[in-house]
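For ligands, and for the atoms within them, numbers begin at 1 and follow the listed sequence.
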Amino acid sequence: MTLRNLLESRLAQALQKAGAPADAPPMLGLATRPEFGDYQGNGVMGAAKRMGLKPRQLAEQVVAALDLGDIAEKVEIAGPGFINITLKNEWLAAHLGQVLADERLGLAPAASPQTVVVDYSHPNLAKEMHVGHLRSTIIGDALVRILEFLGHRVIRHNHVGDWGTQFGMLIAYLDHLEREGQDLSGELADLEAFYRAAKQRFDEDEAFARLAREYVVRLQGGDAHCRQVWQRFIDESLHHCEQVYARLGVTLKREDVRPESAYNDDLAHVVEDLDKAGLLRESQGAQCVFLEEFKDHEGEIAPVIIQKSDGGYLYATTDLAAVRYRAGELKADRILYIVDARQDLHLRQVFAVARAAGFAPASCSLEHHPFGTMMGKDGKPFRTRQGGTVKLLELLDEAEVRALALVSEKNPELPEAERRHIAQVAGIGSVKYADLSLNRTTDYIFDWDRMLALDGNTAPYLQYSYTRVQSIFRKSGIESLGTQPGLHLTEVAERNLALRLAQFAETVESVARECYPNILCAYLYNLAEIFMRFYESCPVLKAEEPTRSSRLLLCQGTARTIRTGLGLLGIETIERM
Ligand code: ARG
C-alpha cells in the first residue's frame, strides 16, 4: 500500500468513528509547508459543515479516534481544522526499506485490473504526420506505459483517419501516376508533397476532380480496384508513421491501428439503433440527435448530426460506433481520449449520445484528456520558417543535431559513437519531456534552448542527475549493496530525500488516475533537487559505517526512481553524459 493510501484510509476510519457522513472524503494532501509536517488532512471542514459542528471540535474528535500506531511522530490540529501529520523517522526508514527492497519500488500491480482503451496519436493518413500529432502521441504513450505498469489491461487504439473524401482525390492521383508509369515509391516518399500535387491537380483540372469524386463513391461502394489503390496508399502512410514512432520510442504497433474505416460496416447499425432508442429526429433532411444538455443560452438545442441528407455519415457517427465497440465488445472499464482540446464539444456530444443510447454503460468511464496547441516562440502555432507544417522526422533530426552540438562542446573527449548515442537519448528525451512536463491543458511553447538546457525541469537535467548518482557508485567501487543495509535518517536532508523517495508509488498512481504526466515530471525534478541538497550536505563515501551504507542505499534508490520514472514517461537514461 502506498504511503498516501495508508494515511488516507486511517484518516477515513477516524472520520467515521467521529460520526462523519460515510462519503466524507479525508482529503489528504502533502503538507504545504515543512512546519506543517509531512501530510495534511483537509476533510474536516467539509464534514463539519455537513454535520453542523464546529470544525475544530470535529478535528479534535477525529484526532482522538485516529489510530496511526507507530507511524506518526506528531498529529496536530492547525487553523480552522487541518490535521497535520508528521511521520516518525524510524517508521519512514523501515517503510522506505521495504519500498527499495521491491523491484517495483512499492508500486503493487492493481488489485482489480481494469480494461483501459487509450485512443491516441491518431494521425490523418491523408497527410504526413506533423507536429500537430506529437502531443497526443507522447502523452498517450506515457499513459499507456504507466497503466500497463500498474497491471491494467491496456488496449491501444490508433484511431487513424483513413476514410473520407480526401482519399478519393489521393487514390485518383495515385492511379493516374501509375498509369503514366511513374515510380510510385519515390512519389510517396514525401506524402506532404504528394498531397499538395494531388490537391493542385484537383483544383485545376475539372476532369480529374470529377474522377476523384467518382473514386470516393466507388471506394465506399467497395470497388476492388479503388480499394486496392487505397490500401497501397494507407500502407505507405502508416509506414511513415511507424518511422516516427520508432524514432520517438513510442510503443504503438501496426496491430494497434484501429482506423476509422474499421467501423464502416457498423455505421448503418448505429443509425438504426439510435432510431430504435427514439433519439433520432430529422432536421433539414439530416438525421440528428437533440439533447437537452446542448441547449445554448437562447434555449436552442444544437443538434448532433448523425447522417447527412445525402446518406453520408460523419466523424461523430464513427466515434459512436467506436464507443460501442470499446465498451460493448472490448468491455472497457475506461476509455481515454488523448485528443486536442478543440475537439472538446465533439467528444462531449459523442459521450452524451453514447450514454443516452446505452452504447456505454454507466460503469464505463468515458474520459477526454485534452491538450493545447504547440506554439512557436512567437506565440503562433508552431510552423517552419516558410510557414509550412513542421514534419516530425525533421524535427527529431534537429533535436539530435542540437543535442550533439551540446554534448560535443561539453565532452569533446568522448568517442563519437558515444556522443551520438547520448545526443539521441537526450535529444529525443528533451522533445518528449518538454511536452510531458507542462500541464497538458494549456498551449505550449516549443523552445529548443529551454528543452535542451542542463538545468531546470528538463530531460537532460534529469538524465544528467541520474549519471551523477551513478558515478557515486563507480567511485565507490561497489557494484551492488549486497543484502540491503538498514536506513538511518538522522540528518534533515536524509529524511527529506527518504520521504520523497517513498512518495514515488503514490505519484504514479495519481497520474494513472488523473492522466497528468506533468505530475510525475514535477516529482522527478523535485526528487533530483532534493537529492542534490542531500549530496551537498551529507558525505556519502567518506561517511563511517553504518551511515555510509545507508546513504549509498538512498543514492541507489534515487537512481532507480529516476530511471523507472523516466522509463514510465518513455524516456531513456544513459550511464555517462
Ligand atoms: N484523426 C483525428 C484528427 O486528426 C483525431 C481522432 C481522435 N480520436 C477520436 N476517436 N475521434 O483530428
Side-chain angles (χ1 to χ4, degrees), residues 116-141 143-144 154-167 170 191-192 195 230 233-234 237-238 240-242 244-245 250 252 254 256-264 266-267 270 289 304-306 313-330 332 334-355 357 359-360 364-374 381-382 389-392 440-441 443 515:
V116 188
V117 172
V118 186
D119 181 329
Y120 72 107
S121 190
H122 42 235
N124 180 350
L125 296 185
K127 296 191 185 177
E128 193 162 324
M129 255 183 113
H130 58 83
V131 295
H133 305 114
L134 196 58
R135 301 204 74 185
S136 174
T137 305
I138 293 174
I139 297 168
D141 210 57
L143 295 174
V144 297
V154 174
I155 303 174
R156 294 161 174 79
H157 268 190
N158 195 354
H159 191 84
V160 298
D162 66 341
W163 205 243
T165 48
Q166 296 146 310
F167 289 93
L170 293 167
L191 277 180
E192 214 51 45
Y195 186 91
W230 170 78
F233 182 85
I234 296 298
S237 186
L238 280 173
H240 279 279
C241 298
E242 279 159 358
V244 175
Y245 297 151
V250 157
L252 280 170
R254 191 62 76 110
D256 303 318
V257 172
R258 178 82 199 169
E260 288 187 3
S261 65
Y263 301 100
N264 282 349
D266 204 27
L267 301 180
V270 166
V289 178
V304 182
I305 308 175
I306 304 294
Y313 302 107
L314 292 103
Y315 185 45
T317 326
T318 303
D319 261 321
L320 284 166
V323 173
R324 183 158 72 166
Y325 173 69
R326 293 162 178 177
E329 299 282 315
L330 301 177
R334 291 176 81 183
I335 310 176
L336 313 183
Y337 292 78
I338 317 304
V339 179
D340 194 323
R342 286 171 295 194
Q343 296 196 29
D344 179 61
L345 176 62
H346 163 73
L347 287 173
R348 276 193 292 125
Q349 290 179 327
V350 167
F351 295 171
V353 176
R355 295 279 190 219
F359 290 173
C364 171
S365 163
L366 303 174
E367 308 171 25
H368 177 201
H369 296 291
F371 52 84
T373 307
M374 206 160 125
F382 191 64
T389 46
V390 178
K391 288 189 188 172
L392 277 183
R440 57 175 163 69
T441 52
D443 289 346
C515 301

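In this view, H346 and Y315, A316, D319, Q343, V350 satisfy the side-chain contact (heavy atoms from CB on, under 4.5 Å) rule, not counting sequence neighbours.
By the 30° and 60° cut-offs, the orientation of the rings of Y337 relative to F351 is tilted.
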**Asked** Do V390 and F382 pass the side-chain contact (heavy atoms from CB on, under 4.5 Å) test, and can you show the C-alpha distance, the side-chain angles, and the key distance before you say yes or no?
**Response** CA-CA 7 Å; V390 178; F382 191 64; 3.7 Å; yes
**Message:** For a ring-ring contact (aromatic ring centres under 6.0 Å, His included) check, start with the C-alpha distance between Y263 and Y313, then their side-chain angles and the critical distance, and finish with the verdict.
**Reply:** CA-CA 11 Å; Y263 301 100; Y313 302 107; over 10 Å; no
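The main-chain N or O of C515 is found under 3.5 Å from a side-chain atom of R440 such that the two form a donor-acceptor pair. Proximity of a side-chain donor or acceptor of W230 to a complementary backbone N or O of D162 within less than 3.5 Å is detected.
At a heavy-atom cutoff of 4.0 Å, ligand 1 is surrounded by D119, H122, H159, Y315, D319, Y337, V339, Q343.
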